[in-house]
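Here the structure comes first, spelled out in structure tokens, and everything after it is commentary.
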There are 4 protein chains.
Amino acid sequence: MEVSAKKIALFDAVIALIEDGVDINTLKVSDITNRAGIGKGTAYEYFRSKEEIIIQALFYDVGQRIEKIRRLLRQYTNTKDRIHAVFQWIETDARQKSSFTQLFRMANGSFEFSNSLKEEMARQEGYCKEINDILTAFVEAGVAEGVFRREISPVLQRTALLSQIMSFMIYFHQEDISEAVTVEEMKDFLYENIMRMLG
Amino acid sequence: MEVSAKKIALFDAVIALIEDGVDINTLKVSDITNRAGIGKGTAYEYFRSKEEIIIQALFYDVGQRIEKIRRLLRQYTNTKDRIHAVFQWIETDARQKSSFTQLFRMANGSFEFSNSLKEEMARQEGYCKEINDILTAFVEAGVAEGVFRREISPVLQRTALLSQIMSFMIYFHQEDISEAVTVEEMKDFLYENIMRMLG
Amino acid sequence: MEVSAKKIALFDAVIALIEDGVDINTLKVSDITNRAGIGKGTAYEYFRSKEEIIIQALFYDVGQRIEKIRRLLRQYTNTKDRIHAVFQWIETDARQKSSFTQLFRMANGSFEFSNSLKEEMARQEGYCKEINDILTAFVEAGVAEGVFRREISPVLQRTALLSQIMSFMIYFHQEDISEAVTVEEMKDFLYENIMRMLG
Amino acid sequence: MEVSAKKIALFDAVIALIEDGVDINTLKVSDITNRAGIGKGTAYEYFRSKEEIIIQALFYDVGQRIEKIRRLLRQYTNTKDRIHAVFQWIETDARQKSSFTQLFRMANGSFEFSNSLKEEMARQEGYCKEINDILTAFVEAGVAEGVFRREISPVLQRTALLSQIMSFMIYFHQEDISEAVTVEEMKDFLYENIMRMLG
DNA sequence: CATGAATGAGGGTTCATTCAT
DNA sequence: CATGAATGAACCCTCATTCAT
């Protein structure tokens, strides 16, 4: 799974462009290669098509983010800290509108891409599964710790947990957080919700 | 806000195409007009660009759906019935992958469209706001009814409510609902969650 | 087999370009459409690819030439006149380097084109066959007339006849007809050859 | 006229590719260098462009073939044997569709190559001329031997000779030699034709 | 109004050529 | 010398938009 420097440069360019708010569907190859500081033709030494570049860039990015959250979660020994770690991660990492969008889309499979590339996604050993794995581990630890009720089905537990995580994402994603709810208030509320649902 | 028959025909064509699973980004004008049974040039008598057609079609569709859920909610006098009515609506109306995707995207503003058309969206008096209004009315009724705690901030109440609605959408949206959780179990669990969080 | 005016315009453009000495392999779509006096995109309303345009243009041209020689031959009642008619036709019609080349290639199947289009050629009911038919009719008439020996195999008769026709083509095709042989001398020699071989 | 090993390797690669049926117009530099087993850049140490490589490769190949037929002809002391030697050479050497095609094209100058390289061809001291030389020597020997009539113009004699040689080439080149004419019958017929025309 | 034939700007992709190693 | 990674000019094709009928 070694990835060449040029590939990384292209991935980073795609991510940077997306973070800049460029629509993923209007991305031009020249935009990407210019941003990556390489020639247009060079991209085709490493990828067979524009779509391949973009898809793989997204997977690369999501993979990195997942790895980060995994490492993060390993540092904490109790559920409360882990929940707040996730919130913290969202605040710092998933805050950007664009990358959040991508991750979110992955989470519910609503990627809009040429059908021919949906196969590619299938081949990629689904990050959805990875997210699910993380949630599963999260919930199991909570049960083992005794803070989550054992009798609730794991699926339901994951659903409940994810619902509050998504709520926090949407909170950050909203254009105008006009009505006065501070980040801390929101975090407390969502944490309490999780405990009410699963505790 | 009178809308001509030709416009409706084009809107319906766009919606039908999306429901058929056609990627919104690869929609061609000729696809739309063919489906609508009118000439390609005719579309430009009513709209200034392809994007205008699609955007307005989506708004038209979401508007209809929102109107439907509004009428539906008016039929019920208590919160419990209203919550189940929403679940029922998701089961019947928002089940299709595509239309759900559109609505969902609208709900969190993650439309991916050429920036030039984001203004158009802004001009459209945000359906997000309408969704928010519905949630607000929902929550207020719950408080008036005495089943939701008055001391929770309305923003938080809406957040909690939406989180469980989204969970139900995702439940239907998942490709493989492999693990055995029946629809009824899920609905009960989500309803209980709402009551635990807000009751 | 009705052919639209636009198609004809494109065919004529291709032929004209070839007659001008443009290499068939370096022909650009824009060259063709410019010459035809139509927009680049228009070509794709009538053909699916550049190769399709060129291939069909060549077949169209060869078809016309064959039709012409056919009509021509029908006007004459004896073999001698027919042979000279063919020479005459070569002098006026097949003189151009390029069109000769095309015809010639067809005659021996040495078209160099993307393999994917060889099928197209196959579908076209071989003009090679048509050329063969003309030769066959030619020879049969000669036999009936009593100027060609009946005992020679038709294949051999056609071979002999074609060899002298080709010789005349090559005579015109040569860059420098340095050594003094007049057209009339050549025609007489070739005619005599045919009679010596087949008479 | 010393030719380096690398050049030969490239020439051989081009020839091999052509014999494999690859279209000369779609030949890529990388195809050639890969086949030759050398680096892509190396080709440009010896040639200034792709076309130069291919053109020179073709000349190299034709030169070799001509040399071979020359040696072959020197072995025979009478015209009849020489004619059959040529037929034999066509059967063994010029049988392949591709190399035949190249040679044939050379013979009538119908090379399709970017005009810029036609000059290159001119500079190459025309192999057409060499072929012509061979034909001239052939005819002169026939006259000296007394089997060809002295009063026929050398140009005409060469024309007649070449016409039957070409006929034999076309005979082998035809896809389907469906109609029953054996190689021997054809050779006899063509030999007789030559004698009837020139004897 | 309605149409669809015509258009050409735009962008993905290829591949001959270069040049730093 | 030899290499092959990098390059970008070139070109095919798509499709949103226009406009004559």
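No hydrogens, no waters, no symmetry mates; every other heavy atom, side chains included, goes into these values. Everything numeric here is computed off the predicted structure, so don't read it as measured data. First the proteins, then the strands, lettered A, B, ... as listed; each starts at 1.
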Any sub-3.5 Å donor-acceptor pair from [X]'s side-chain atoms to [Y]'s backbone N or O?
{"X": "D:Glu19", "Y": "D:Ile15", "answer": "no"}
{"X": "B:Asn34", "Y": "B:Ser30", "answer": "yes"}
{"X": "D:Glu67", "Y": "D:Gly63", "answer": "no"}
{"X": "B:Lys50", "Y": "B:Leu27", "answer": "yes"}

Of the nucleotides F:dT7, E:dA5, E:dC1, which one has an atom closest to the side chain of C:Tyr46?
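For the C:Tyr46 side chain, the nearest candidate turns out to be E:dA5.
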
Q: Check the pair A:Gln56 / A:Tyr60 against side chain to side chain donor-acceptor pair (under 3.5 Å), numbers first and verdict last.
A: CA-CA 6 Å; A:Gln56 289 194 18; A:Tyr60 170 79; over 6 Å; no

Take atom [atom1] of [X] and atom [atom2] of [N], then tell me their distance rounded to the nearest Å.
{"X": "A:Asn25", "N": "E:dG10", "atom1": "CG", "atom2": "C1'", "value": "17 Å"}
{"X": "B:Lys7", "N": "E:dA2", "atom1": "NZ", "atom2": "C1'", "value": "17 Å"}
{"X": "A:Asp23", "N": "E:dG11", "atom1": "CG", "atom2": "P", "value": "13 Å"}
{"X": "C:Asp31", "N": "F:dC11", "atom1": "CG", "atom2": "P", "value": "8 Å"}
{"X": "C:Glu52", "N": "F:dC12", "atom1": "CD", "atom2": "P", "value": "15 Å"}
{"X": "C:Lys6", "N": "E:dG4", "atom1": "NZ", "atom2": "C1'", "value": "12 Å"}
{"X": "A:Ile53", "N": "E:dG12", "atom1": "CD1", "atom2": "P", "value": "9 Å"}

Requested in this report: Looking at every strand, decide which applies to B:Phe47 at a 4.0 Å heavy-atom threshold: base, sugar-phosphate, or nothing.
Outcome: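 Nothing: the residue B:Phe47, judged by heavy atoms under 4.0 Å, touches no strand.
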
Once base and sugar-phosphate atoms are separated, protein heavy atoms under 4.0 Å mark nucleotides 13-21 of chain E, 5' to 3', with B, S and - as BBSBBB---

### Task
Report the stems of DNA chain F as range-with-range entries sorted by first number; a stem here is at least three consecutive pairs, Watson-Crick or G-U wobble, both distances under 3.5 Å, and write none if there are none.
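As far as DNA chain F goes, consecutive pairing (with distances under 3.5 Å) yields the stems E:2-21 with F:2-21.
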
Contact summary for [X] and [Y], nearest pair of heavy atoms:
{"X": "A:Thr33", "Y": "A:Ala43", "answer": "CG2-CB, 3.7 Å"}
{"X": "B:Asp31", "Y": "B:Leu17", "answer": "O-CD2, 3.9 Å"}
{"X": "B:Phe47", "Y": "B:Glu52", "answer": "CA-OE1, 3.2 Å"}

**Report entry** C:Tyr46 and C:Phe11 aromatic centres sub-6.0 Å
**Finding:**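 Ring-ring flag for C:Tyr46/C:Phe11: false, centres at least 6.0 Å apart.
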
